[in-house]
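Working notes, beginning with the structure itself.
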Amino acid sequence: MPKKFYARDPAYVARGLLGKVLCRVFEESVLAGFIVETEAYYGRSDPASRAYRGSGDLASTLCGDIGVALVYGVHGRWLFNIVAHTPGGCGGILIRALEPISGVEVMKRFRGTDDVLQLTNGPGKLSEALAIDKRLHKVPVYSASSEVTVRRGREERDIARGFRVGVTEDLDVPLRFYVKSSKFISTRRY
DNA sequence: CGCCAGATTGACT
DNA sequence: GTCAATCTGGCGG
């Protein structure tokens, strides 16, 4: 996807990312999957955002260059986001779940399970399956030579939206987007 | 500089 | 249902 794909409101980009392919080149393997679940985050106006208060690296990254990966750790896991916002704004998309396409055997090894459904059905899980960690922080996902990229995928039809997962203080607009029929969406409470 | 909470997961009672 | 692992940054002393 071209860089300008990310120059829009985060919610719009979150919706647009469903059905796209997240592609991770790791050593000899290509680990890829369809994006089936996303969440949009904003800046100062969003209590759940890392840019809500603070001016650290995460906040400035969220308000900086669009189309770059934002990787950050919580609860001992890595969460993979893509920076997206209109000019002068702040925002990003959290990738919450994938439907594996290629590199499944490698993903199984990284995740320590043979259950395909358990490989990438959660933000921490997909990071582990695709060997995503802090090294990919700020890598541009629109550049074909990057180790992580977002590519054109398929059209998704039955898309649903709901409130964000795990957020203590959510906005009053549903910002979670997912493919309703997918068996790979995260199975925690909605 | 130490303490704490957080966009999670999975193991255990 | 409860709990800890593990990393980053804000905030208090």
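Basis for what follows: all heavy atoms, side chains included, without hydrogens, waters or symmetry-related copies. In what follows, every chain begins at residue 1, and chains take the letters A, B, ... in the order their sequences are listed.
We find that CG of A/Asp133 is positioned 15 Å from P of C/dT6, with the value rounded to whole Å.
The side chain of A/Lys134 lies closest to C/dT8 when the candidates are B/dG10, C/dT8, B/dT8. Residue A/Pro123 places its side chain closer to B/dT9 than to any other of B/dT9, B/dA7, C/dG9. Closest to the A/Val74 side chain, of the nucleotides B/dG6, B/dA7, B/dT8, is B/dG6. Side-chain atoms of A/Gln118 lie closest to B/dG10 of the nucleotides C/dT8, B/dG10, C/dA5.
Residues A/Ile35 and A/Phe5 share a single hydrophobic cluster, defined by chaining ILVMFWY side chains whose heavy atoms lie under 4.5 Å apart. The hydrophobic clustering, which links ILVMFWY residues whose side-chain heavy atoms are closer than 4.5 Å, places A/Leu117 and A/Ile95 together.
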Query raised in the report: Taking it one step at a time, do A/Glu99 and A/Ser182 satisfy side-chain hydrogen bond (donor to acceptor under 3.5 Å, both in side chains)?
Result: CA-CA 8 Å; A/Glu99 174 184 328; A/Ser182 177; 4.6 Å; no
Let me see the working for A/Thr61 and A/His137 under side-chain contact (heavy atoms from CB on, under 4.5 Å), right down to the final yes or no.
CA-CA 9 Å; A/Thr61 302; A/His137 189 48; 3.9 Å; yes
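The residue A/Asn81 sits close to a base: some heavy atom pair falls under 4.0 Å.
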Secondary structure of DNA chain B per the Watson-Crick/G-U criterion (both distances under 3.5 Å; [ ] crossing, | other strand, . unpaired) is ||||||.|||||.
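At the phosphate of B/dT8, neither OP1 nor OP2 sits under 4.0 Å from any side-chain N or O atom of A/Arg164. Using a 4.0 Å cut-off, some side-chain N or O of A/Lys125 falls inside it from OP1 or OP2 of B/dG10. For A/Arg176 and B/dA7, the shortest distance from a side-chain N or O to OP1 or OP2 is not below 4.0 Å. A close approach under 4.0 Å does occur between a side-chain nitrogen or oxygen of A/Arg50 and OP1 or OP2 of B/dA7.
Within the 4.5 Å cutoff, the side chain of A/Arg176 has heavy atoms near those of the A/Ser186 side chain.
Cation-pi geometry between A/Arg154 and A/Phe34 is satisfied (NZ or CZ under 6.0 Å from the ring centre, within 45° of the ring normal).
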